[in-house]
Amino acid sequence: MNAEIFEKAQLIIQSRRRNAVIESERRINEINNIIPEIKVINDTIFNTGQEAVKTVFAEKDRNIQKQKIEKLKQDNLEAQAVSRQLLVSNGYPADYLDIHYTCKKCNDTGYYNNSMCECFTKLCGKLEANEINKRSHLELSSFETFDLSYYKEKDYFTMKKHFDFLKGYAENFTPHSNSLFIFGNTGLGKTHLSLAVANKVLEKGYSVVYDSTINILKEMEKEHFSREHNSEMTDSVIETDLLILDDLGTEHSTPFYNSTLYNIINTRLNRKMPTIISTNLDYNGIRKRYEARIASRLTTLYVNMNFVGSDVRLQRIYKKNRPE
């Protein structure tokens, strides 16, 4: 994992915990002013805690020590119950004075059971994905800016079906959603809708890595043969919640690229992690361009979507330059 990303994630986790504590203190001060009885109860709870500590160190008889501590615990629980009842009767949630951490598993420490918490690793993945996406120099598109009016007659109904499917896919996305293979001629909206999915998935808090196939393979090749043996791109491509490879087939055909592409596809399929791959190649083009183990996975284990119609980019240019 990149050290800079790790430090960034640590700062965010620390900030989450600090903000949760500050917000809790604000709520306590608010309630103490509005419901003075709760302040008395909270002071009692605090005092019983101190009393429990004194008992542990002062009482030599272990049985008596245990009885006293149990009694103090019971008194504490009863006081907390009364405090919660007062909150509810005054129109507040029962847990209003609790510290509300972003991650209830690790309480915003980043660690759980002596290992890195899932929230921390997910945050690192998201930060890494954001850095990679910045380098792709592509703005995220949206479903709202996709214009179906450029598709005519039966092409319209096909593309409307694809549009609705992809919109639903993005809205209901999970890290175990299906992988998609989108193919068709240039200028039909493959990149636009792929980015629209990425936009919506990122909004839901998942990590996304998006770039052209050639850019990602070049970066992975650079990592593989570098002296530092850095694996930032490789790790992100394998671990991200959603991987989007654009323009498959534009990369050079080399043994390293072919084996790396197969490893990406196969590993993510085995882990049931979704990948969206788009290409201008049709089925015959895929079978001619790639070995059988890649072609068969794309055409049978991915949801296949054939984009149809006339080049939207050319239509827009014609429409723009057409005399009034």
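- Within the structure, every pair that satisfies the salt bridge (charged side-chain N to carboxylate O under 4.0 Å, His left out) test and touches residues 288-305, not counting sequence neighbours, is listed here: E251-R289, E291-R293.
- Every residue meeting the side-chain contact (heavy atoms from CB on, under 4.5 Å) condition with K167, not counting sequence neighbours, appears here in chain and number order: F143, F163, E171.
- Considering only residues two or more places apart in sequence or on other chains, E25 meets the side-chain contact (heavy atoms from CB on, under 4.5 Å) condition with V21.
- Under the side chain to side chain donor-acceptor pair (under 3.5 Å) criterion, R84 pairs with D98, not counting sequence neighbours.
- Pairs passing the salt bridge (charged side-chain N to carboxylate O under 4.0 Å, His left out) check and including a residue from residues 299-310, sequence neighbours excluded, do not occur.
- With sequence neighbours left out, the side chain to side chain donor-acceptor pair (under 3.5 Å) criterion links T186 to R313.
- Note on residues 273-285: pairs passing side-chain hydrogen bond (donor to acceptor under 3.5 Å, both in side chains), not counting sequence neighbours, are K190-N280, D246-S278, R268-T275, Y283-N304.
- For S149, the side-chain contact (heavy atoms from CB on, under 4.5 Å) partners are D147, not counting sequence neighbours.
- Contacts classified as ring-ring contact (aromatic ring centres under 6.0 Å, His included) and involving residues 244-280 (residues at least two apart or in different chains) are given here: H224-F256, F225-F256.
- Under the rule for a side chain to side chain donor-acceptor pair (under 3.5 Å), S83 has no partner lying at least two apart in sequence or in another chain.
- With sequence neighbours left out, the side chain to side chain donor-acceptor pair (under 3.5 Å) criterion links K218 to no other residue.
- Shown here are the side-chain contact (heavy atoms from CB on, under 4.5 Å) partners of P93, two or more places apart in sequence or in another chain: D95, Y96.
- Residues R271 and E239 are paired through a salt bridge, judged by an N-O separation under 4.0 Å between the basic side chain and the carboxylate.
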